[in-house]
Amino acid sequence: MGRDTIAEVITSIRNADMDKKRVVRITATNITENIVKILLREGFIENVRKHRENNKDFLVLTLRHRRNRNRKRPCRNLLNLKRISRPGLRIYSNYRQIPRILGGMGIVIISTSRGIMTDREARLERIGGEILCYIW
């Protein structure tokens, strides 16, 4: 049975964000690199660097956190990620039916025939594809 690398990346980032960790290490594949580039471009993470260890490539992500000035209240998470299409149930959409997350405040990552892109880019290029995940 194959592994769902996209779900592993999303879960690693979500768990590190809930644990208030600054650095996350994930395996580097073409899909994960494209997703991380989108997260970096949209401002959800601060920095990315590639690391090689034992002939395996890893991406080291630096997460962005909110500063909690009032220590009594718990700090809310900055990242909310949700996997949509999965190996057991693929979800496809044309460009007109791509959902808007929080009225356009969040982003949808879509795998299209022209590569992995955000919902805004897909609407501009008038191209649909597989909905990978929501981020808000």
Side-chain angles (χ1 to χ4, degrees):
M1 193 179 271
R3 295 180 351 181
D4 188 8
T5 57
I6 299 170
E8 289 177 4
V9 167
I10 289 172
T11 303
S12 297
I13 294 172
R14 185 186 316 117
N15 288 344
D17 189 50
M18 285 191 305
D19 227 13
K20 295 180 182 70
K21 294 192 176 185
R22 287 284 288 169
V23 178
V24 182
R25 194 177 86 160
I26 58 174
T27 57
T29 62
N30 288 336
I31 294 173
T32 57
E33 285 182 14
N34 289 330
I35 290 173
V36 167
K37 283 179 189 175
I38 290 173
L39 289 174
L40 183 66
R41 188 174 64 226
E42 295 290 327
F44 288 105
I45 58 177
E46 282 184 19
N47 193 11
V48 178
R49 71 175 196 271
K50 209 167 192 177
H51 178 69
R52 188 169 183 88
E53 185 177 303
N54 296 334
N55 292 330
K56 292 184 181 178
D57 290 330
F58 295 98
L59 294 174
V60 179
L61 312 177
T62 305
L63 299 180
R64 185 177 301 246
H65 287 291
R66 290 189 183 124
R67 298 195 185 248
N68 193 2
R69 293 188 179 122
N70 207 356
R71 298 277 183 203
K72 295 177 183 176
R73 294 185 192 167
C75 185
R76 291 184 55 208
N77 293 340
L78 182 64
L79 279 174
N80 290 308
L81 299 111
K82 184 176 181 187
R83 176 82 158 117
I84 302 302
S85 184
R86 56 185 205 266
L89 180 64
R90 303 286 187 187
I91 306 293
Y92 296 95
S93 176
N94 64 11
Y95 74 94
R96 290 187 190 116
Q97 296 174 340
I98 296 173
R100 295 185 191 273
I101 306 303
L102 293 177
M105 296 291 287
I107 63 170
V108 179
I109 296 181
I110 301 172
S111 176
T112 67
S113 59
R114 296 185 192 153
I116 295 177
M117 58 181 65
T118 63
D119 55 338
R120 284 179 238 124
E121 295 168 348
R123 283 190 198 97
L124 284 175
E125 294 191 25
R126 304 184 88 142
I127 187 168
E130 180 183 355
I131 298 176
L132 297 178
C133 61
Y134 297 157
I135 302 169
W136 70 95

>> For a quick test of reading the model, state the closest non-hydrogen atom pair linking Ala16 to Val24 and the distance between them.
In response: CB-CG2, 3.2 Å
> How close do Ile98 and Ser93 get, heavy atom to heavy atom, and via which atoms?
Replying inline: N-OG, 3.3 Å
> With a 4.5 Å heavy-atom cut-off, do Met117 and Glu125 have their side chains touching?
Replying inline: yes
> Are side-chain N/O atoms of Tyr95 and Arg126 paired as donor and acceptor at under 3.5 Å?
Replying inline: yes
>> Hydrophobic cluster membership, with links at side-chain heavy-atom distances under 4.5 Å among I/L/V/M/F/W/Y: are Ile127 and Ile116 in one?
In response: no
>> What verdict does the side chain to side chain contact (heavy atoms under 4.5 Å, CB included) test give for Arg14 and Lys82, after you've listed the backbone C-alpha separation in whole Å, the side-chain angles of each residue and the deciding distance to 0.1 Å?
In response: CA-CA 9 Å; Arg14 185 186 316 117; Lys82 184 176 181 187; 5.6 Å; no
> If you measure from CD1 on Ile35 to CG on Asn30, what distance do you get to the nearest 0.5 Å?
Replying inline: 11.0 Å
> Do you see a donor-acceptor pair shorter than 3.5 Å between the side chains of Ser111 and Glu130?
Replying inline: no
> Would Glu121 and Arg41 count as a salt bridge (Lys or Arg N to Asp or Glu O under 4.0 Å) if you check the C-alpha gap in whole Å, the side-chain angles of each, and the deciding distance to 0.1 Å?
Replying inline: CA-CA 13 Å; Glu121 295 168 348; Arg41 188 174 64 226; 2.9 Å; yes
> How about Phe58 and Glu53: do any of their side-chain heavy atoms sit closer than 4.5 Å?
Replying inline: yes
> Hey, which of Thr62, Leu63, Val60, Val23 is the one that makes side chain to side chain contact (heavy atoms under 4.5 Å, CB included) with Asn47?
Replying inline: Thr62
> In Å and rounded to the nearest 0.5 Å, what is the CD1 to CZ distance from Ile135 to Phe44?
Replying inline: 6.0 Å
>> With a 4.5 Å cut-off on side-chain heavy atoms, are Leu59 and His51 touching?
In response: no
>> Within this structure, what is the CG-CG distance for the pair Leu40 and Leu61, rounded to the nearest 0.5 Å?
In response: 9.0 Å
> Looking at Arg86, Arg25, Arg83, Arg3, which one forms a salt bridge (charged side-chain N to carboxylate O under 4.0 Å, His left out) with Glu8?
Replying inline: Arg3
> Taking a hydrophobic cluster as the set of Ile, Leu, Val, Met, Phe, Trp and Tyr residues connected by side-chain heavy atoms closer than 4.5 Å, whether directly or through intermediates, do Tyr92 and Ile101 fall within one such cluster?
Replying inline: no
> What is the distance from atom OG1 of Thr112 to atom CD1 of Ile131, rounded to the nearest 0.5 Å?
Replying inline: 12.0 Å
> Can you check side chain to side chain contact (heavy atoms under 4.5 Å, CB included) on Ile26 and Val36, steps first, answer last?
Replying inline: CA-CA 10 Å; Ile26 58 174; Val36 167; 3.9 Å; yes
> Is there a path of hydrophobic side-chain contacts, each under 4.5 Å between heavy atoms of I, L, V, M, F, W or Y residues, that connects Met105 with Leu124?
Replying inline: no
>> When you compare the side chain of Leu39 with that of Ile13, does any pair of heavy atoms fall below 4.5 Å?
In response: yes
>> Checking Asp19 against Asn15 for the side chain to side chain contact (heavy atoms under 4.5 Å, CB included) test, could you report, in this order, the C-alpha distance in whole Å, the side-chain angles of both residues, the deciding distance, and whether it holds?
In response: CA-CA 6 Å; Asp19 227 13; Asn15 288 344; over 6 Å; no
> Can you name the closest pair of heavy atoms from Gly43 and Arg64 and give their distance?
Replying inline: O-NE, 3.3 Å
>> Determine whether a donor-acceptor pair (N or O, by modelled atom type, separation under 3.5 Å) exists between the side chain of Thr5 and the backbone of Thr29.
In response: no
> Nearest heavy-atom pair of Ile10 and Cys133: which atoms, and what distance?
Replying inline: CD1-CB, 3.5 Å
> Looking at Ser85 and Arg90, what are the two nearest heavy atoms and their distance?
Replying inline: OG-CA, 3.2 Å
> Is there a donor-acceptor pair under 3.5 Å between the side chain of Asp17 and the backbone N or O of Leu79?
Replying inline: yes
>> As an exercise, state the distance from CD1 of Ile107 to CG of Leu102, rounded to the nearest 0.5 Å.
In response: 11.5 Å
>> What verdict does the side chain to side chain contact (heavy atoms under 4.5 Å, CB included) test give for Ile109 and Ile84, after you've listed the backbone C-alpha separation in whole Å, the side-chain angles of each residue and the deciding distance to 0.1 Å?
In response: CA-CA 10 Å; Ile109 296 181; Ile84 302 302; over 6 Å; no
>> Rounded to the nearest 0.5 Å, what separates atom CZ in Arg123 from atom OG1 in Thr118?
In response: 8.5 Å
